[in-house]
Amino acid sequence: MATKRASQTKIGRPVDTAVFPGSFDPLTFGHVDIITRSAEIFDKVIVGVLYNPSKNLLFTQEERVALIEKQFEKYKGRIEVVSFSGLLVEFVQSIKSRVIVRGLRAISDFDYEAQMALVNRKLAPHIETFFLTAREEHSYISSTVVKQVAMLGGDVSNMVPPVVAKALAKKYQERKGVGRRSDSR
Ligand code: PNS
């Protein structure tokens, strides 16, 4: 039976471009690690930044894209940042890829990630999801935790690249300014 199935298998063309999708609100060292490791495997990695106006995000679409571009500016051509909206599989197809890369930090990530991978496979059976396990030292990092710590004035330098840490400080400084102005009315 196994031999029959193996003999029926058709092997498609190899893939040179992978897509690493996400909200990136903001980019963390966990993301940076997965993007870098993917770029060591695939010729090109497209970081797909989801445009979702209904989600309450800290950084605008342009800001999230710009921060990732800044972080990877030396790798232009190998790592590119592209905004997308709508279905991920349609975006993956539009750039002629068939690989989605996702990072797994802990078992708790697995349910959601497996569900997403299965939905994507139902929608587009030829697209594969590859999971890379996060490095141990990044397993506690999430964009949500980073925003909480930064908002309360904590040090996020172990969690995000300097360019993001700076942007976070600026964002919360601006927000404090706005708060103070409206308090004084
Ligand atoms: O970083 P995130 O927020 O966990 O990324 C989630 C993302 C962007 C990969 C996911 O929400 C997504 O693919 N959204 C696009 C809509 C879509 O295709 N949904 C069907 C798969 S569940």
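Each ligand, and each atom within it, is numbered from 1 in the order the structure gives. This is a predicted model, so every value here is computed, not measured.
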S.K.: Report the C-alpha distance between E174 and K170 in whole Å, list the side-chain angles of each, state the deciding distance to 0.1 Å, and finish with yes or no for salt bridge (Lys or Arg N to Asp or Glu O under 4.0 Å).
M.R.: CA-CA 6 Å; E174 281 167 10; K170 188 164 173 255; 3.6 Å; yes
S.K.: Side chain of R64, backbone of S23: donor and acceptor closer than 3.5 Å?
M.R.: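 Confirmed, R64 side chain pairs with S23 backbone.
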S.K.: Which protein residues have a heavy atom closer than 4.0 Å to any atom of ligand 1, listed by chain and number?
M.R.: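 Heavy-atom contacts below 4.0 Å: P21, G22, S23, L50, K55, G86, L87, L88, R102, Y112, M116, N120.
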S.K.: Could you walk me through whether D25 and K55 pass the salt bridge (Lys or Arg N to Asp or Glu O under 4.0 Å) test, one step at a time?
M.R.: CA-CA 11 Å; D25 187 46; K55 216 171 162 184; over 6 Å; no
S.K.: Taking atom OH of Y140 as the centre, does the number of heavy atoms from other residues, nucleotides or ligands within less than 6.0 Å exceed 12?
M.R.: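 Yes, because the 6.0 Å sphere around OH of Y140 holds more than 12 heavy atoms from other groups.
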S.K.: Verify, without hydrogens or angle tests, whether E69 (side chain) and E80 (backbone) share a donor-acceptor contact under 3.5 angstrom.
M.R.: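 Absent.
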S.K.: Drop me the distance from S108's OG to E113's CD, to the nearest 0.5 angstrom.
M.R.: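 The OG atom of S108 sits 10.5 Å away from the CD atom of E113.
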